[in-house]
Amino acid sequence: MNSYQLIAQLLPELEAYGAICPEGEETDLASFAAFLSERVCYRADHLPEGQEFPRTEQDEVLLEAAMAREISHLYRYMRGYFRKALRSNKSVITMDDYTYLVCLLRIPMMTKTELNNLNVMEKTSGTEVINRLLRSGLIEQHVNEEDHRSFYVSITDKGRGEVMRLFPELKKIVTVFFSGITLPQKIVLHQLHQRLADRNQVFFLEHRDENIEELYLRVNEKVAGETSPRIEG
């Protein structure tokens, strides 16, 4: 195979890679190489025995249902690992407590609404987490001088210390959770998850009061004319 034939084969792969990258995100050679590595390993003629690409709309629906179930299970596994890691902790008692604190490490001051939205949490559930952290002295609240009906929250020294103390436990959690997949697979998985997260974040922030039928129609309008990149055999 000469270099021109190789370039001809690379062009469709570049197009497929571009399709999974979030809009506006800069790409790099390392990420593309990881993506290409997985594409080559899982071409149609190299799929594990008993697996094949969806050939009908019903096949694709069944595939999506299986993926949704697997994502749900993965979330439960992660919560279970967090429970094990936090069993002896008296202040940070749930995974949500921890993620709220980490968000406040990254962004020192936020309104309660901003913090809830960043964690994809409805107001009632988010308020429970925030009140629990306030009672434990891990965060503190400040009156919003521009709008006295709302409050800013920030992490305290105690909260910062708890997060730092838990970082080694987090390393153990993610090591267990992601065991069995390679670095290239992690990079591709992160890109796909980011694309899913970006699309669903819009629905959560801008259309959360719509019912599922309205969201379904909105998705159909958005993807009209789009085609999903497929790996050719």
Side-chain angles (χ1 to χ4, degrees), residues 1-3 5-55 59-86 95-96 98-99 102-103 105-106 118-120 163-201 226-233:
M1 179 186 301
N2 61 42
S3 58
Q5 291 173 317
L6 182 59
I7 290 173
Q9 288 194 7
L10 279 174
L11 289 176
E13 304 298 339
L14 282 167
E15 183 179 354
Y17 175 66
I20 70 165
C21 293
E23 294 181 8
E25 180 179 292
E26 291 188 6
T27 58
D28 56 63
L29 186 60
S31 296
F32 174 65
F35 169 80
L36 186 60
S37 172
E38 290 305 299
R39 294 271 288 188
V40 171
C41 289
Y42 290 94
R43 291 179 64 86
D45 53 352
H46 291 97
L47 283 176
E49 185 176 354
Q51 292 188 20
E52 59 181 36
F53 281 92
R55 302 186 184 281
D59 288 341
E60 188 167 356
V61 169
L62 291 173
L63 173 63
E64 291 169 342
M67 291 168 62
R69 182 176 65 251
E70 290 156 4
I71 291 172
S72 173
H73 289 175
L74 286 171
Y75 175 70
R76 293 173 190 172
Y77 296 145
M78 178 61 82
R79 290 189 76 91
Y81 298 145
F82 260 92
R83 280 197 297 271
K84 292 176 184 291
L86 299 176
M95 185 169 73
D96 293 326
Y98 180 79
T99 57
V102 169
C103 287
L105 270 184
R106 290 170 44 221
L118 196 58
N119 284 276
V120 197
V163 173
M164 295 304 173
R165 191 168 67 83
L166 285 170
F167 272 153
E169 295 301 308
L170 177 65
K171 185 178 185 302
K172 295 175 187 176
I173 291 171
V174 296
T175 298
V176 171
F177 186 78
F178 290 107
S179 60
I181 66 173
T182 64
L183 179 58
Q185 289 170 334
K186 291 173 186 176
I187 293 172
V188 173
L189 184 64
H190 173 65
Q191 291 169 331
L192 293 171
H193 281 178
Q194 187 63 58
R195 186 171 179 83
L196 274 174
D198 289 346
R199 287 216 173 187
N200 284 281
Q201 184 185 50
E226 292 183 4
T227 56
S228 300
R230 294 187 179 276
I231 303 174
E232 300 296 335

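Just so you know, these numbers use all the heavy atoms, side chains as well, and skip hydrogens, waters and symmetry mates. Residue numbers count from 1 along this sequence.
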What donor-acceptor contacts under 3.5 angstrom involve side-chain atoms of residues 167-175, with partners at least two apart or in another chain?
unit_1, atom_1, unit_2, atom_2, d
Glu169, OE2, Lys172, NZ, 3.2
Thr175, OG1, Lys171, O, 2.7

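- In this structure, CD in Glu70 is found 8.5 Å from NE2 in His73, a value given to the nearest 0.5 Å.
- In terms of heavy-atom proximity, Asp96 sits nearest to Thr99 at O-OG1, 3.1 Å.
- Between Arg79 and the options Tyr75, Tyr81, Tyr77, a side-chain hydrogen bond (donor to acceptor under 3.5 Å, both in side chains) holds for only Tyr75.
- The environment of NZ in Lys186 is crowded: more than 12 heavy-atom neighbours from other residues, nucleotides or ligands sit within 6.0 Å.
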